[in-house]
Amino acid sequence: MIFLDLPSIHIYSLTLYSILYLEGAMSAAASSSATPSAAQVLSLFRSLLRAAREFPDYNIREYTKRRTIDSFRHNATLSDPSQISTAFAHGKSQLAVVKRQAVVYSLYDSPLRSVMELQQVPF
């Protein structure tokens, strides 16, 4: 695991770093597990997208969805079973991170909404 020594880091930056970590690191536990089935991978994908919906902030919510989709597209070409297992285990660990961060964000939710979330009135 990588630790940052940044004393004045903002909570958004830390969360974005956690999400950016989604496709980069490898889990030691993954190398010993069996290759996940297509249904398990699809379930993980759906769970990550569902967890992304829990973020109260529009920008973080959309960023998490975009990174999830991009990471799964990037890993779709994996053919080595150990790499697939590693990516799947890492995705499961990142699902826990996303769920935890969504709870933290909901505790410190701003009453102001993004312009993108405002309902548009027809002319």
Inset, instruction - Verify, without hydrogens or angle tests, whether S85 (side chain) and S82 (backbone) share a donor-acceptor contact under 3.5 angstrom. - result: no
Legend entry - With sequence neighbours excluded, residues passing salt bridge (Lys or Arg N to Asp or Glu O under 4.0 Å) with E54: none
Inset, instruction - Would you give the length of the straight line joining atom CD of E62 to atom NZ of K65, rounded to the nearest 0.5 angstrom? - result: 3.5 Å
Inset, instruction - Report the distance from atom OH of Y105 to atom CG of D57, rounding to the nearest 0.5 Å. - result: 7.0 Å
Inset, instruction - Quick one: pull up OG1 in T77 and CG in N75 and give me the separation to the nearest 0.5 Å. - result: 7.0 Å
Inset, instruction - Identify the heavy atoms of P56 and R61 that sit nearest to each other, and give their distance. - result: O-NH1, 3.5 Å
Inset, instruction - Determine whether F45 and I84 fall in the same hydrophobic cluster, where Ile, Leu, Val, Met, Phe, Trp and Tyr are linked whenever their side-chain heavy atoms lie under 4.5 Å apart. - result: no
Inset, instruction - Please tell me if the side chains of Q101 and V98 come closer than 4.5 Å, counting only heavy atoms from C-beta onward. - result: no
Legend entry - Atom pair NE2/CD of H90 and Q83 - distance to nearest 0.5 Å: 14.0 Å
Inset, instruction - Taking the side chain as every heavy atom from C-beta outward, state whether R66 and I69 have any pair of such atoms under 4.5 Å apart. - result: no
Legend entry - Minimum side-chain heavy-atom gap F88-T35 below 4.5 Å: no
Inset, instruction - First locate atom CG of L42, then atom CZ of F72, and finally report the distance between them rounded to the nearest 0.5 Å. - result: 8.5 Å
Legend entry - Nearest-0.5 Å distance, NZ of residue K99 to CG of residue L48: 9.0 Å
Legend entry - Any donor-acceptor N/O pair, S71 side chain to T68 backbone, under 3.5 Å: no
